Amino acid sequence: MSDEDSIDSPDAALDDGIDLAAHPLTASRLAKHQATLRGPGYPYRFERSHLAGELHDSYDRLEPGTETGESVTVAGRLRNIRAMGKLTFAVLSDVSGTVQLFVDKRVLGDAGFAAFADLDMGDWIGATGEVVVTRKGELSVRIGTFELLAKALRPLPDKFHGLTDVEARSRQRYVDLMVNQEARDVALARAKVVSLFRREFEARGYIEVETPVLLNQATGAMARPFATHHNALDLDMYLRIATELYLKRLIVGGLEKVFEVGKIFRNEGIDATHMPEFTMLESYEALADYDDIARMVEEMFATIATEVTGSAVLRYQGRSLDLTPPYPRAPMLGLVNDAIDGTMSFDLSLQDAVALAQSNGVEPEAHWGHGKIIEELFDRRVQASIWEPVYVTHHPVETSPLARRHRDDPNVTERWELFIAGSEYGNAFSELNEPLDQRRRFEQQTAAKAAGDDEAQEIDEDYVRALEYGMPPTGGLGIGVDRLVMLLTDKAHIREVVLFPTMRPE
RNA sequence: GGGCCUGUAGCUCAAUUGGUAGAUCAGCGGACUUUUAAUCCGAAGGUCGUUGGUUCGAUUCCCACCAGGCCCA
């Protein structure tokens with residue numbers, strides 16, 4: 001930012017139409033700000049002795065009217081000012097909570113009291129004074145000195161109704177965070193979820209790694225990538241749509257237990273559960289299979305839910321939801337056949353399978369085989385009816401090109417997806433580690449792409465080369481972090497758990 | 001992509017069978033030594049999302065567009 005310009009021309013109309021110098025709500029704030037810049041200026045640092053929350057922890061049990069004789073220094077944003085003649089009460093808000101400032105003209109002095117009266121809601125101040133409890137029992141700092149740390153040139157939203165407009169809260173998340181405790185709670189819950197995942201994986205001997213975001217080829221999932229260009233190399237590049245194939249290269253390399261938490265980018269629509277950039281957690285563990293991963297995930301989900309919400313039994317969208325393990329396993333085809341009219345089977349002719357799909361509301365595309373039809377029937381007829389956690393297993397080989405064929409059934413893979421409350425929360429395989437089969441699967445994807453499946457994966461030659469060096473049996477996992485945070489914070493829309501959701505420009 | 005809905009003061013919301021809009025909070029002036037959304041008095045504050053059209057007259061009706069929400073695909 002060009003600070004010279006901003007100081008010299010603060011009256012330029014901003015893009016939301018407010019002219020700070022001319023608007024009645026901002027003109028006096030701006031004038032005070034400019035006076036401070038011309039005069040004493042603003043401090044570069046401030047020494048705080050206590051957070052608001054720490055004061056409550058230490059002094060909340062005192063009787064009304066107590067004067068502790070102890071001096072503390074607090075700092076934060078002024079959230080509410082109630083001036084009553086020679087006495088003023090104000091609410092100071094910091095990261096830990098709020099504490100009341102008790103401002104007495106006799107304590108602060110005439111000049112100090114007048115200066116305090118010049119403050120506006122939203123200003124950042126630091127203040128020092130005695131910890132007291134008012135006659136009404138409110139823990140307060142009776143300030144003897146204070147300092148303006150930063151001026152708020154813009155007014156805060158309505159102090160009671162706050163900011164409720166979804167669009168404004170999303171675009172100006174900084175304001176949402178200032179005035180809505182719920183917004184702060186979600187941000188903290190999210191941070192805690194990610195932190196707990198790290199703790200849990202590290203406790204199991206995993207190491208955290210970082211794999212590339214910018215790729216020559218977007219592989220490892222079925223999704224459209226964002227395309228970009230590297231100028232110096234004059235090279236078209238893509239943002240990653242998964243971390244899977246790079247993490248498995250690390251298993252080949254012998255790191256054995258790896259995980260990564262990071263942004264994934266998919267060039268697709270935005271709705272209640274989808275954002276073009278979202279946070280995925282992937283992990284891979286040598287010598288494990290998908291059952292090992294399932295046991296790990298259900299333990300982690302219960303632990304994280306308990307630490308974030310206080311219980312493994314949640315309320316989500318008005319309903320109770322129990323994340324206590326173990327979670328039942330159910331083969332996909334069995335669930336489909338419970339839900340449709342007729343019986344789907346890999347033994348049906350493709351013609352009969354298509355007819356069965358059509359009679360159950362699914363119109364197969366030309367390139368679909370039995371597997372895609374089964375998965376589509378599951379999506380349309382089963383998924384939404386799932387509430388309590390269930391591992392859906394036995395995904396068709398056709399729709400799982402990176403998963404190992406099931407040890408007992410060649411039509412399906414050792415794969416599960418964890419469904420809760422109608423959405424997918426995790427996806428895991430016994431990883432396909434046999435290079436010749438992997439090459440054939442990629443070739444089948446290429447054929448599907450040629451037949452019109454624009455989501456089919458491309459072959460990643462270097463990945464096959466890596467497998468040719470030998471990958472041990474491996475259990476892999478992907479978890480949508482945003483959705484888990486939604487579940488734990490009882491949010492129905494992903495935008496509520498992403499600090500800065502993707503939006504069109506204003 | 002389709003359907004429905006929304007956009008009015010900084011914020012939260014009203015109103016209009018078509019005659020240029022009101023309230024709470026915030027802000028401004030005043031009173032007040034225990035407030036908790038303080039209270040009381042007073043005076044202000046608006047490109048009614050944008051652009052066209054119909055009309056004597058449009059915030060209101062119509063077209064298009066912009067941004068957003070919900071549902072469906």
Side-chain angles (χ1 to χ4, degrees), chain A residues 13-32 52 56 62-67 77-93 97-110 113 116-123 130 132-143 151-172 174-176 178-181 268-274 317 361-363 365 376 379-380 383-384 422 491-496 501-506:
Chain A
L14 302 178
D15 55 8
D16 63 357
I18 291 184
D19 179 334
L20 291 176
H23 196 284
L25 288 173
T26 56
S28 75
R29 289 169 180 259
L30 179 62
K32 294 172 195 170
H56 286 288
L62 299 179
E63 292 299 312
T66 302
E67 301 192 350
R77 189 187 293 278
L78 281 175
R79 284 291 308 285
N80 197 347
I81 302 171
R82 300 180 291 277
M84 317 188 43
K86 299 184 177 66
L87 213 54
T88 294
F89 299 91
V91 173
L92 189 76
S93 166
T98 62
V99 68
Q100 177 165 273
L101 301 182
F102 184 102
V103 188
D104 187 330
K105 191 172 186 177
R106 291 175 309 187
V107 176
L108 199 52
D110 289 355
F113 195 76
F116 195 92
D118 252 357
L119 295 173
D120 294 291
M121 281 193 229
D123 290 352
E130 182 184 354
V132 300
V133 180
T134 63
R135 285 179 211 165
K136 294 287 174 63
E138 183 76 29
L139 181 70
S140 307
V141 177
R142 187 169 61 194
I143 69 173
K151 189 72 188 167
L153 299 182
R154 289 171 178 268
L156 260 42
D158 187 293
K159 68 185 172 193
F160 183 63
H161 296 99
L163 187 68
T164 62
D165 181 76
V166 170
E167 183 180 356
R169 287 201 299 111
S170 300
R171 289 193 192 280
Q172 296 185 260
Y174 39 89
V175 179
D176 190 27
M178 272 176 230
V179 302
N180 291 324
Q181 181 64 42
E268 290 160 7
I270 296 172
D271 64 26
T273 56
H274 295 84
Q317 301 298 296
V362 168
E363 187 57 50
E365 295 176 25
E376 207 62 32
D379 288 351
R380 295 280 292 279
Q383 182 174 332
K491 295 299 177 196
H493 204 296
I494 189 172
R495 88 163 87 72
E496 297 294 338
T502 305
M503 301 183 84
R504 288 191 169 90
E506 287 179 76

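Being a predicted model, the structure only gives us computed values, none of them experimental. Residue numbering restarts at 1 for every chain, and letters A, B, ... go by the order of the sequence lines. Excluded from the calculations below are hydrogen atoms, water molecules and symmetry mates; all remaining heavy atoms, backbone and side chain alike, are included.
- Taking a pair as Watson-Crick or G-U wobble with both distances under 3.5 Å, RNA chain B forms stems of 3 or more consecutive pairs at B:1-7 with B:66-72, B:28-31 with B:39-42.
- The residue A:G162 sits close only to the backbone: its heavy atoms come under 4.0 Å of sugar-phosphate atoms, none of a base.
- With B:C13, B:U36, B:U34 as the choices, the nucleotide that has an atom nearest any side-chain atom of A:Q100 turns out to be B:U36.
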Protein proximity profile, nucleotides 68-73 of chain B - base contact B, sugar-phosphate-only contact S, no contact -, cut-off 4.0 Å on heavy atoms: SSS---
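- In this structure, CE of A:M84 is placed 17 Å from P of B:G30, rounded to the nearest angstrom.
- Comparing B:G45 with B:A21, their C1' atoms are spaced 13 Å from each other, to the whole Å.
- In this structure the side chain of A:V175 never reaches within 4.5 angstrom of the side chain of A:R154, judged on heavy atoms.
- Every residue two or more places apart in sequence or in another chain that forms a side-chain contact (heavy atoms from CB on, under 4.5 Å) with A:L87 is listed here: A:F89, A:F102, A:D104.
- Scanning for side-chain contact (heavy atoms from CB on, under 4.5 Å) contacts around A:K105 gives A:K86, A:D110, A:F113, with sequence neighbours left out.
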Write down the protein N/O and nucleotide N/O pairs, taken from nucleotides 23-28 of chain B, whose separation is under 3.5 Å; answer none if there are no such pairs.
from, atom 1, to, atom 2, distance (Å)
B:C25, O3', A:K159, NZ, 3.4
B:C25, O2, A:D158, OD2, 3.2
B:A26, OP1, A:K159, NZ, 2.5
B:G27, O2', A:P24, O, 3.4

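- Rounded to a whole angstrom, the distance from the P atom of B:U16 to that of B:A73 is 37 Å.
- Distance, A:F102 CZ to B:U36 C1': 13 Å, rounded to whole Å.
- Looking at heavy-atom distances under 4.0 Å, A:T134 makes contact with a base.
- Spacing between B:U8 and B:G68 at atom P, rounded to whole Å, works out to 15 Å.
- Residues A:E138 and A:L163 each lie close to RNA chain B; by heavy-atom proximity, the contact nearer the 5' end of the strand is made by A:L163.
- Rounded to a whole angstrom, the distance from the P atom of B:C66 to that of B:A26 is 39 Å.
- Rounded to an integer number of Å, the gap from CD of A:Q172 to P of B:U12 is 11 Å.
- Rounded to whole Å, the separation between the P atoms of B:U60 and B:G42 comes to 35 Å.
- Residues satisfying the side-chain contact (heavy atoms from CB on, under 4.5 Å) criterion with A:L25, sequence neighbours excluded, are A:H23, A:P155.
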